[in-house]
There are 2 protein chains.
Amino acid sequence: MADVALEAGVSGQTVSRVSNGRSNVDESTRERVLEAMNRLGYRPNSAARALRLGRFRSIGVIMFTLSSFGNMRTLDAIASAAAAAGYSITLIPIAHPTRGAVSGAFDRLNQQAVDGVVIVIEAHLFDEAHLDLPDGLPVVVIDSSARTRYPVVDTDQAEGARLATEHLLELGHQTVWHIAGPAESYSAIRRRDSWEATLRQHGAVVPPVLAGDWSTDAGYRHGLVLAADPTVTAIFAANDQMALGALRALHEAGRAVPAEISVVGFDDMEESASFWPPLTTVRQYFDKVGARSVAALLEGIEGDGPVANVTVPTRLIVRASSGPAPAG
Amino acid sequence: MADVALEAGVSGQTVSRVSNGRSNVDESTRERVLEAMNRLGYRPNSAARALRLGRFRSIGVIMFTLSSFGNMRTLDAIASAAAAAGYSITLIPIAHPTRGAVSGAFDRLNQQAVDGVVIVIEAHLFDEAHLDLPDGLPVVVIDSSARTRYPVVDTDQAEGARLATEHLLELGHQTVWHIAGPAESYSAIRRRDSWEATLRQHGAVVPPVLAGDWSTDAGYRHGLVLAADPTVTAIFAANDQMALGALRALHEAGRAVPAEISVVGFDDMEESASFWPPLTTVRQYFDKVGARSVAALLEGIEGDGPVANVTVPTRLIVRASSGPAPAG
DNA sequence: TACAGCCATGTTGACGTAAACATGAAGCAA
DNA sequence: TTGCTTCATGTTTACGTCAACATGGCTGTA
């Protein structure tokens, strides 16, 4: 900065004013300074600026696997929203979801230069009592328990599961089998609970829950079992990947979809419309979740009032994998 | 820091030494300082540290869509490798891949607090002449032209396409049709070129290239056309999503896979093994690409010598979607 | 002319840290 | 004992920026 000031024949303060777009600088001076900046390739030092201002203009995002469809879309939306607000994203991945790793990540976070944090951890794995985020650091949680002391932004899991289950019941199926997500996942639990509640509400028998782990393999394994059971006519998988695995199992077993068995997923991945048959599923608006969480966080950072929770609705996308229950 | 120093009855410098784990501090003093830190909830200020050291311990990642399978896996690997080296990741997304947006991202980058940058932009969209990264800022490019002045880490696209094409030729197919990626993508071009070269090398006819855009829709559209052509017996799609779209088109047209037509993809997404039929494909090791690019970048940041390019091999994963050419 | 008010610009200092140098005590060999 | 080394710790300073205050020229009015 001093070099620029020298080059332009002004003081450092004037350079600072120009670089921050302040109005009280003479036009000719401003141009001289800008030219000097270009000539010298001046870049404001963000560390010094952050030190001075006490703000980093950066948002931390804590995530487990990036490799899940939903997390990725959410991250994308968070990044876009943050960029639009002039914030950058600092990614804090947690490779192995052990409690120790989570604590470690939070410790590292304390050292990070962030003004706020979005936590995208769906599991019970972090015990809030044990993680001490710096006081006053705004936090927003995505896809977790509502029992946290931080604001929560989340998809309406219960509504989505209800839509899927009712869709199948309305097609005339006696009941709906459920391939669930892992027991540690809040969203998996909420989908399962809502599936069960919807069945009861409609007076349908509640079959045993099939525990999965979001993977195609889990869907495949349970799909093989279900395919062998002639009484099964409708399956609701807790995500599209498990639905895909189930579809494969049904194909291998020679069961027709949807003529003999209907399958419904959850997520609406880009590929789901091209599965064979194209998958009926519950669409989640991850982009909206991401955008809303950033908005909430920014309110926490720049605003003053308390931040409200946000629930994002879902939508049932009906495709060829679900159809009327077979006669008889 | 001053408070901690006062509380522990030492100088700020000693606090600094403790906080950096230096060895030349008496054990009793160290404990006293650590205790004071805990009592006061002291967190080192990363901005001040960065200002003093001129290092941020952060790596910038510039990406187009996060929502592509490969990018996501790569980002995951980059994040893990960076975390292992004590670096954090600053994500710089480019929402709309126009040239202006790219330049904007680079401008923003200049303001960012990063020690190096990984560029994951596969298209020609950025003209190096026009983007002025700060001199001396280490850069590694993933999945781009080898004509950049920066080190490149990339999957061996040509080898992968050759493996796929030869696999089909060896199964007795007269030739192989290709659903290509977008013309702006370097990796798409390399796969196409290698496909073509392999066909020629084996004396096979080279059918017209079918231009796609990575999407399942593109695969579906071209798949419908190919399904209607009785001479087509083998399809090599430039990625798994287009292969999935093609599979759907073939199903709809009632063409048997692989009895009548074989299909091979590229990427090996997690879902590909569960497609119907399970997809033969070329596996890319995105995690390796990510890890290597971070290693290369760190060498550029912390090392001194020139950084070499890295090529990561691929592997053909044979599944049920490819089989011998139909007789006659 | 005199004085107030405004505006562009300059000067000073502080943000929190760590490198460089300084100090002083303890240990050890001649 | 003397002189030299080693090691823990303290002091000073600079990193680059920007807020706060200071300065000085210009304009307009009484």
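Computed from a predicted model, the values in this text were never measured in an experiment. Numbers restart at 1 for each chain; the letters A, B, ... are given by sequence-line order, proteins then strands. Below, each value reflects all heavy atoms present in this structure, side chains not excepted, and no hydrogens, waters or symmetry copies.
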Sugar-phosphate only, base, or nothing, as touched by B:S16 at under 4.0 Å among non-hydrogen atoms: base
Distance in angstrom units between B:N45 CG and C:dA14 C1', rounded: 13 Å
For atom CZ of B:R55 and atom P of C:dA18, their distance in whole Å: 15 Å
Spacing of OG belonging to B:S19 relative to OH belonging to B:Y42, to within rounding of 0.5 Å: 5.0 Å
Whole-Å distance separating the CD atom of A:E31 from the P atom of C:dA8: 15 Å
side-chain contact (heavy atoms from CB on, under 4.5 Å), paired with B:V33, selected from B:M37, B:E31, B:R30, B:E35: B:M37
Whole angstrom value for the distance that separates C1' of C:dG16 from OH of B:Y42: 8 Å
Interatomic distance, B:R57 atom CZ to B:S46 atom OG [nearest 0.5 angstrom]: 12.5 Å
Nucleotide range of DNA chain D lying under 4.0 Å from chain A heavy atoms: D:dG16 to D:dA20
Flag side-chain contact, heavy atom, 4.5 Å: B:I59 against B:V114: no
Closest-nucleotide 5' rank along DNA chain C - winner of B:R22 and B:A48: B:A48
Candidate nucleotides C:dA14, C:dT11, C:dT17, ranked by approach to the side chain of A:R52 - the nearest: C:dA14
Sugar-phosphate only, base, or nothing, as touched by B:D26 at under 4.0 Å among non-hydrogen atoms: sugar-phosphate
is_close_aromatic(B:F286, B:F69), centroid dist under 6.0 Å: yes
Atom pair distance, as rounded to whole Å: CG in A:L53 and C1' in C:dC15: 10 Å
Spacing of CG belonging to B:D156 relative to OG belonging to B:S187, to within rounding of 0.5 Å: 12.5 Å
Residue A:Q13, side-chain atoms from C-beta onward, closest of C:dG16, C:dT11, C:dA8: C:dT11
Sugar-phosphate, base or nothing in reach of B:V10, heavy atoms under 4.0 Å: sugar-phosphate
Between C:dT17 (C1') and B:M37 (CE): distance, integer Å: 12 Å
B:R49 CZ to C:dC15 C1', straight-line distance once rounded to whole Å: 16 Å
Separation of atom CZ in B:R57 from atom C1' in C:dT17, rounded to whole Å: 16 Å
Spatial distance of atom CZ (B:R292) from atom CD1 (B:I142) [nearest 0.5 Å]: 12.0 Å
